[in-house]
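A, B, ... follow the sequence lines: proteins, then strands. Residue 1 opens every chain. Because the structure is predicted, anything quoted here is derived from the model rather than measured.
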Amino acid sequence: MLFISVLKSLKDRKLIIIILIMIISLTITIYNTLNLSFDSLEKTYNDYLEKQNVEHVYLSVNNNYNDLKYQDIDFSLVDTSLKKTLLNFLYNPNTLSYFEVEDIKKLLDKMDVFKTKQIAILKSLQAKYHFTYELQQNKIIKQKKNNLILFNLKENKNINKPKLIKGRWPKENGEIVADKSFKINSTYLINQKKYKIVGIIYSPVYIYPMINVLNSLEDRVIYLTNDDFNLITGILNSGFAIKFDNYKRKMDFNEDNNDIRIKLLKENNIDYNIDTITRTNRVNYLKQEIENNRVLAKYFLTLLLGISIFINFIMIKKIIDSEKNEIGNEKALGFSKIYIASSYLVYPIVTIILGSIIGLIVSSLLVVPFTNLYGIGFNIPITNYVFNFNYFKQIIKFYLLLPLFTMIISFYLVRKKSLSLLKEGSNIKVNILTKIINRIFYLFPFDYKFKLSLAFRSLGKLIVIIFIILGASLLIVFSLIISNLFNQIVDSSFENMKFKYLIIFNSSLTDSEDGDYLFNVTGSIKNKEEINVIGIDNKTKYFKVTDKKINQNEIVINENLKNKYNLKLDDYLIIKIGNREYKYKIIDVTKGNTEIYGYVNRLDLSKKVGYKKIVYNEMYSNDNKYMSMDNLPLTKQDKISTILNINDLKNNLKKQMKNLTASIYFITIFSLLITFLVIVVIAYVIIDENKTNIALLKIMGYSDKKISKLVLNIYTPFIFITYFISIPIIKEIIKLVINDIEKQLDMVFLVTISIPQIILGLIILLGIYFLAIRLNKSKLEKIPLEIILKESR
Amino acid sequence: MDLYKLENVSKAYGNFYALKNINLRIKKGEFVVVLGPSGSGKSTLLNLLFGITKPTNGNIWFNDKNIVTENKEFLRKMRLNDIGFINQDYNLIPTLNVFENIELGDNKKNSLKKEELINLLGLKKHLKKYPYQLSGGEKALVCILRALIKNPQVLIGDEITKPLDVNNSRHVLNILKKINQTYHTSIIIVTHDKFIASLASRVIYLKNGLINTN
């Protein structure tokens with residue numbers, strides 16, 4: 001009987017019940033949609049890796065011509081006419097001119113003299129680590145606006161198989177397949193030769209289309225037949241795509257990698273690189289992005305879920321509170337406590353059931369567009385959409401706390417005596433705080449006193465409102481900070497860089513010109529973590545690391561390194577460079593949120609590495625001659641490996657970060673929507689609770705405008721006060737969350753809430769608050785005056 | 001001079017007529033009691049006098065203005081300046097003390113002297129008290145004072161002695177009588193308590209929506 005009566009009362013509380021259902025359904029929708037979209041994308045990615053047999057590791061061998069020995073060369077591959085020159089190069093290199101030496105190196109590259117040796121080494125590794133491998137080459141043709149990357153279809157048969165998405169495979173020479181930036185059935189001119197594009201493909205080594213973190217030029221990918229590939233001229237790159245039998249083998253290999261490298265260098269004079277930066281990014285970036293998004297989403301969604309449950313609980317409590325008269329009557333009629341209390345379970349049960357159904361339906365509709373949206377920008381056919389109840393089960397467990405809370409609240413009210421529950425309004429005692437507040441504001445205008453007295457009428461309610469405002473502020477400020485966080489990283493990474501170009505050289509040099517010189521070597525910490533040790537001069541023009549002078553055995557570390565190892569000033573850091581370990585004293589920490597690096601004295605580092613003179617292998621310059629390699633003399637060009645334009649670097653990094661913030665924007669929109677609903681509920685509650693007062697004021701001739709000013713704005717001062725008081729609390733909470741995110745993302749974020757952000761947060765909060773109030777104004781206007789004549793308080 | 005003049009006023013709720021063709025005049029300074037059993041149309045009459053609802057037929061004149069044809073703003077100002085309201089629950093704001101509750105009724109235009117009224121009603125010692133600290137009679141007096149402070153032309157009361165015992169009822173009614181005599185404020189009280197009728201200058205009997213002339 002009581003259940004039916006409570007069920008019927010839902011109709012009278014339409015708005016509040018609808019809002020409760022909306023909050024639950026929105027939270028379930030965003031939680032379910034994001035997680036299922038990530039799952040869908042991950043499954044698509046994993047399936048793609050499997051189907052196209054995408055490499056685990058790309059190993060490129062560094063041909064060390066300087067220490068080349070007779071036995072290193074497979075002379076069966078060398079033309080007889082060149083044998084003499086080659087032997088001359090091996091035994092009397094000093095008799096050859098610079099250009100002759102370079103020509104021989106190019107020749108050796110072309111003949112791939114190390115191939116036999118490399119394959120022998122790979123075979124020996126294969127026995128231990130169980131993998132298949134394929135020699136894969138590509139040729140780069142630099143064009144005006146992009147780099148043309150040419151692959152050999154014959155070499156990509158087993159590993160890194162391209163995925164045909166339109167058209168067909170080439171049947172004869174002169175036919176090519178290309179990425180989706182090309183038009184199918186059109187012809188394309190490469191080195192003055194026409195090729196017909198017969199198919200459009202996705203290249204597995206270009207899952208993320210970002211070509212190069214180091215270059216702003218777009219890459220366009222083309223696969224040619226074996227003959228066409230061999231004939232075409234371009235900068236040749238070769239390496240081995242390796243696919244392990246299982247992931248564990250890959251991990252074993254990674255673990256042993258350093259030892260293998262040292263052994264190979266010692267015994268075979270061969271060094272190799274695994275996973276060049278660009279290649280790793282192109283293949284693995286999607287996985288990394290999914291993981292990053294999951295980490296960020298996890299915290300935000302947990303926060304949202306917590307706030308959603310809290311709000312629902314408060315609203316249900318409010319409904320039950322307002323029914324205390326009914327509870328009193330029911331008690332007086334002799335219904336048992338458990339029966340009365342359990343009848344109020346109708347509220348959480350109905351809202352959870354309806355909210356879940358709506359949330360599940362909406363999220364299942366959104367998974368496809370969201371997955372596609374996340375997939376935009378990745379060269380991967382989205383084939384898998386995951387639908388399951390796993391995330392729903394995770395979230396619903398928390399919502400099931402609501403009925404429990406409801407029972408506790410109902411019991412709390414039910415245990416009170418019938419008479420106290422039925423007490424008429426003006427017989428309710430005034431709490432001590434209201435009395436104090438009234439005393440303090442005794443001389444204030446009546447309107448202020450009136451508002452404050454209403455606000456302080458129930459301390460519990462006021463605390464709840466304050467918590468709700470705190471929750472809403474938290475969501476808003478968190479959204480603001482996160483949405484700006486990644487741009488901050490980019491800006492702070494480039495903050496001290498005043499140069500236009502970073503020039504990376506092939507080898508260590510000693511000559512000098514106008515610019516800042518750096519000597520960059522790779523070391524390791526605790527034998528496992530790679531660190532870039534960068535030797536710099538104490539006087540630099542274009543960038544500033546520290547105000548302090550860096551002496552021998554002193555280091556300035558970056559923020560990320562400090563955070564990762566909990567380092568502090570004056571600590572000692574042991575870095576292994578080559579085969580020797582060096583102890584560095586930390587004298588300062590510099591900004592830098594990605595990677596791990598430290599700045600040391602350049603002269604000291606040069607000596608430690610074994611040079612007698614001070615050397616460099618990188619240079620910062622503002623000289624516009626570095627805008628293009630063509631501006632430089634040939635002798636200089638040969639020494640340079642890459643020239644990086646800082647603006648391009650910055651833009652590339654920003655582009656990369658943009659993808660990561662996509663989820664944040666979605667969650668922000670949802671959380672603002674929830675904040676709005678919550679405030680609508682607050683305004684609704686204010687009106688509902690003050691219905692009689694509003695009717696009284698109306699009958700006394702107060703205008704609707706004046707009433708809305710008096711009644712609806714009772715919590716406005718608390719919005720300001722709570723918001724400003726909560727900022728340090730919010731900052732601390734966000735710091736905790738960010739600290740954890742940092743550990744997982746291996747980045748350092750600078751959590752700062754700027755004054756414009758604070759103001760913007762307040763404007764958003766107030767905007768939402770007044771919009772919600774405005775929506776409720778019509779409800780206020782509709783309150784009939786008659787109720788004062790009929791209803792008792 | 002007429003304060004209220006009702007001409008052929010009827011009020012129907014669907015097919016049910018709560019008031020049927022009522023003709024009534026209430027003079028300025030009159031103390032009128034509207035007496036009748038439950039369902040006789042007392043509340044409907046009260047709503048019409050307040051201008052809260054409009055009659056189905058007929059006209060209601062207030063100070064020679066037909067409030068049936070006047071707009072909402074006119075009616076609001078009428079309630080703000082000319083009508084004082086006392087209801088059976090007194091509706092005091094529990095978190096405001098007596099003085100502040102009285103202040104709520106002050107429209108700061110034509111107000112009577114607060115101190116004089118407070119003394120007249122004997123509320124001086126209760127000014128700092130909160131409603132829960134007052135007796136029923138005291139609450140009624142605060143409510144009367146809140147209605148009276150703006151110096152309205154008429155005080156309209158709805159079953160104002162309902163929650164009070166006999167002694168308190170008499171005290172409150174005597175105060176109303178005194179107000180009527182001192183300030184010449186018209187007083188209209190709707191009640192089913194026959195005792196109140198004995199204090200009135202005129203009693204109007206309502207039964208089944210009709211004025212019973214007997």
**Item:** Heavy-atom closest pair, residues A/S453 and B/L96
**Value:** OG-CD2, 3.3 Å
For [X], I'd like to know if atom [atom1] has over 12 heavy atoms of other residues, nucleotides or ligands within 6.0 Å.
{"X": "B/K128", "atom1": "NZ", "value": "no"}
{"X": "A/F724", "atom1": "CZ", "value": "yes"}
{"X": "A/K709", "atom1": "NZ", "value": "no"}
{"X": "B/K207", "atom1": "NZ", "value": "no"}
{"X": "A/R774", "atom1": "CZ", "value": "no"}

**Request:** Taking heavy atoms only and a threshold strictly under 4.5 Å, list by residue number the residues of residues 70-81 of chain B that touch chain A; give 'none' if the list is empty.
**Result:** B/R76, B/R79, B/L80
Would you mind reporting whether [Y] and [X] have side-chain heavy atoms less than 4.5 Å apart?
{"X": "B/R146", "Y": "A/L696", "value": "yes"}
{"X": "B/E100", "Y": "A/F446", "value": "yes"}
{"X": "A/I699", "Y": "B/I52", "value": "yes"}
{"X": "A/K435", "Y": "B/Y130", "value": "yes"}
{"X": "B/I93", "Y": "A/F450", "value": "yes"}

**Message:** Quick check for you: to the nearest 0.5 Å, what is the distance between A/K698 atom NZ and B/F50 atom CZ?
**Reply:**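 It comes to 15.0 Å.
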**Item:** Test log, rule side chain to side chain contact (heavy atoms under 4.5 Å, CB included), inputs A/L697 and B/L104
**Value:** CA-CA 9 Å; A/L697 293 172; B/L104 192 65; 3.8 Å; yes
